Chemist: 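Sharing a structure here in structure tokens format.
Note that the coordinates shown come from a computational prediction; the quantities given were computed from them, not determined experimentally.
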Amino acid sequence: MAVVAMTACSESSSSGGGATQPCADASCANLPQNPNDPFDNSQASNASKCDLATQKLPASSLAWQPTFGGGCEVSQQIALDELQMFDTLLIAAGYEKKELTQGSYRYTLETPNVETATSINDTLEFTYIQGTFAGFFRSATSAIDKVTMKKILVKQACPSLIPEIVFEKDVCVSVDYNGEIAPESFLALKDAASILSDLKNYGWMCDIQNGMLYTCSVNHNGNQYSLQYIYQTDTVYGPDGSAPLSVTHITHFNFQVSI
């Protein structure tokens, strides 16, 4: 059976500086009219008969049906344009996407609650083969310990608070066993002032000690995050004793959340 790859569903507006608009095709008529808000259903007709999907998934023409145990399922034909817009809105809502096999996908969203020490785990899995969308959606709440809570919060916040452009390095790659991000020393490809300026643009308040130790903090989605690093300049000599070179590194990097 042929598997249809997902492709973009948008068209450039003829005005407004090339802004992207939701596709005007009839297949997208049931989708949110505001592409910046995945759950803007003010002008959308959600065909779902399953409250869970209606509340937690972007509006679409998918006629979700409730299943035993509280989940939702559906199997129906939908246009490729609508599928791509649905994918775009899921990503915008914070879902992480993983391709299981060709034409088969899983989307997951973890929503931690610090006050109750729990996490709501939403999972959508579906296949899309020859225009047929067949999938299920479920949501489960589980108790989590403090370290796991920190790991979730740090992993979710890092790309927004310390995007790759700041240090010209993706520092958000891995979270350690303490629920912190603490990469090994790495080269500083930008000067100290540029890095500090970028951090301030993302909301960080920073103090500098001894001209090299940076201690920063920011409140994000109601949680307090801290960042600490040293901007260090080393003198390196060539093997033949040639003139020394100055090399800058970021060391003692640590990003964490206080809960």
Chemist: Take atom CE of Met212 as the centre, draw a 6.0 Å sphere, and report whether it contains more than 12 heavy atoms from other residues, nucleotides or ligands.
Modeler: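 Yes - once you tally the heavy atoms of other residues, nucleotides and ligands closer than 6.0 Å, there are more than 12.
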Chemist: Under 3.5 Å, sequence neighbours excluded: what are the donor-acceptor pairs made by side chains of residues 247-259?
Modeler:
unit_1: Thr248; atom_1: OG1; unit_2: Ala188; atom_2: O; d: 3.2
unit_1: His249; atom_1: ND1; unit_2: Asp234; atom_2: OD2; d: 3.2
unit_1: Thr251; atom_1: OG1; unit_2: Gln232; atom_2: OE1; d: 3.4
unit_1: Asn254; atom_1: OD1; unit_2: Gln256; atom_2: NE2; d: 2.9
unit_1: Asn254; atom_1: ND2; unit_2: Glu180; atom_2: OE1; d: 2.8

Chemist: Check whether the side chains of Thr132 and Gln77 place a donor and an acceptor atom closer than 3.5 Å, and report yes or no.
Modeler: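 Note: Thr132 and Gln77 side chains meet the donor-acceptor criterion.
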Chemist: Please assess Ser139 against Asp122 for the test side-chain hydrogen bond (donor to acceptor under 3.5 Å, both in side chains), listing each intermediate value before the final yes or no.
Modeler: CA-CA 4 Å; Ser139 182; Asp122 297 330; 2.5 Å; yes
Chemist: Check this for me: Glu99, atom CD, are more than 12 non-hydrogen atoms of other residues, nucleotides or ligands nearer than 6.0 Å?
Modeler: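 Counting other residues, nucleotides and ligands, CD of Glu99 exceeds 12 neighbours.
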Chemist: Begin with the C-alpha distance, continue with both residues' side-chain angles, and end with the deciding distance and a verdict on side chain to side chain contact (heavy atoms under 4.5 Å, CB included) for Ile181 and Asp176.
Modeler: CA-CA 6 Å; Ile181 291 178; Asp176 67 20; over 6 Å; no
Chemist: Does Asp170 reach the main-chain N or O of Cys172 with its side chain, forming a donor-acceptor pair under 3.5 Å?
Modeler: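 Yes, the answer is positive, given that a donor and an acceptor are paired below the 3.5 Å cut-off.
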Chemist: Locate the shortest heavy-atom distance separating Gly222 from Asn219; write the atom from each residue and the value.
Modeler: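 For Gly222 and Asn219, the tightest heavy-atom pair comes out as N-OD1, 3.4 Å.
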Chemist: Please report the C-alpha distance between Tyr107 and Phe126 in whole Å, then the side-chain angles of each, then the deciding distance to 0.1 Å, and finally whether the ring pair (Phe, Tyr, Trp, His ring centres under 6.0 Å) criterion is met.
Modeler: CA-CA 9 Å; Tyr107 296 73; Phe126 69 85; 5.7 Å; yes
Chemist: Side chains of Met85 and Ser60, heavy atoms from C-beta outward: is any pair under 4.5 Å?
Modeler: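 No - every pair of side-chain heavy atoms lies 4.5 Å or more apart.
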Chemist: What verdict does the side chain to side chain contact (heavy atoms under 4.5 Å, CB included) test give for Leu199 and Val218, after you've listed the backbone C-alpha separation in whole Å, the side-chain angles of each residue and the deciding distance to 0.1 Å?
Modeler: CA-CA 10 Å; Leu199 286 171; Val218 67; over 6 Å; no
Chemist: So which atom in Trp204 and which in Cys216 form the shortest heavy-atom distance, rounded to 0.1 Å?
Modeler: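 It is CE3-CB, 3.5 Å.
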Chemist: Just do the side-chain hydrogen bond (donor to acceptor under 3.5 Å, both in side chains) check on Thr215 and Gln228 with the steps written out, would you?
Modeler: CA-CA 5 Å; Thr215 303; Gln228 189 173 80; 3.3 Å; yes
Chemist: Show, in sequence, the C-alpha distance, side-chain angles and deciding distance for Arg106 and Leu124, and conclude whether the side chain to side chain contact (heavy atoms under 4.5 Å, CB included) test is met.
Modeler: CA-CA 6 Å; Arg106 176 186 294 139; Leu124 166 67; over 6 Å; no
Chemist: Is Glu82 reaching over with its side chain to a backbone N or O of Ser61, donor-acceptor style, under 3.5 angstrom?
Modeler: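 Yes, because the side chain of Glu82 sits within donor-acceptor range (under 3.5 Å) of the backbone of Ser61.
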Chemist: Test your reading of the model: is there a side-chain donor-acceptor pair from Thr54 to the backbone of Cys50, 3.5 Å cut-off?
Modeler: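 Yes; at least one donor-acceptor contact below 3.5 Å.
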Chemist: Please check if atom NZ in Lys155 has more than 12 non-hydrogen atoms from other residues, nucleotides or ligands closer than 6.0 Å.
Modeler: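 12 or below, so no.
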Chemist: Which heavy atom of Val147 sits nearest to which heavy atom of Asn178, and what is that distance?
Modeler: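 Closest approach of Val147 to Asn178: CG1-C, 4.0 Å.
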Chemist: Which residue pairs satisfy the side chain to side chain donor-acceptor pair (under 3.5 Å) criterion with at least one member in residues 140-154, sequence neighbours excluded?
Modeler: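 Pairs touching residues 140-154 that pass the test: Asn121-Ser142, Asp145-Thr148.
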Chemist: Run the side-chain hydrogen bond (donor to acceptor under 3.5 Å, both in side chains) check on Asp191 and Ser194 step by step: do they pass?
Modeler: CA-CA 6 Å; Asp191 61 72; Ser194 295; 3.1 Å; yes
Chemist: Keeping Tyr128 on the side-chain end and Ile78 on the backbone end, is there a donor-acceptor pair under 3.5 Å?
Modeler: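 Between the backbone of Ile78 and the side chain of Tyr128 there is a qualifying donor-acceptor contact (under 3.5 Å).
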Chemist: Table please: side-chain donor-acceptor pairs of residues 160-168 below 3.5 Å, with sequence neighbours left out.
Modeler:
none

Chemist: Over all heavy atoms of both residues, which pair between Tyr95 and Lys56 is shortest? Give the atoms and the distance, please.
Modeler: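 Minimum heavy-atom contact is OH-O, 3.3 Å.
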Chemist: Assess the residue pair Thr67 and Phe136 against the criterion (side chain to side chain contact (heavy atoms under 4.5 Å, CB included)); give the C-alpha distance rounded to whole Å, side-chain angles, the decisive distance to 0.1 Å, and a yes or no.
Modeler: CA-CA 9 Å; Thr67 63; Phe136 69 87; over 6 Å; no
Chemist: Closest approach of Ile152 and Ser119, non-hydrogen atoms and distance?
Modeler: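 Answer, listing the atom of Ile152 first, then Ser119: CD1-OG, 4.1 Å.
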Chemist: Locate the shortest heavy-atom distance separating Pro58 from Phe86; write the atom from each residue and the value.
Modeler: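 The answer is O-CE1, 3.5 Å.
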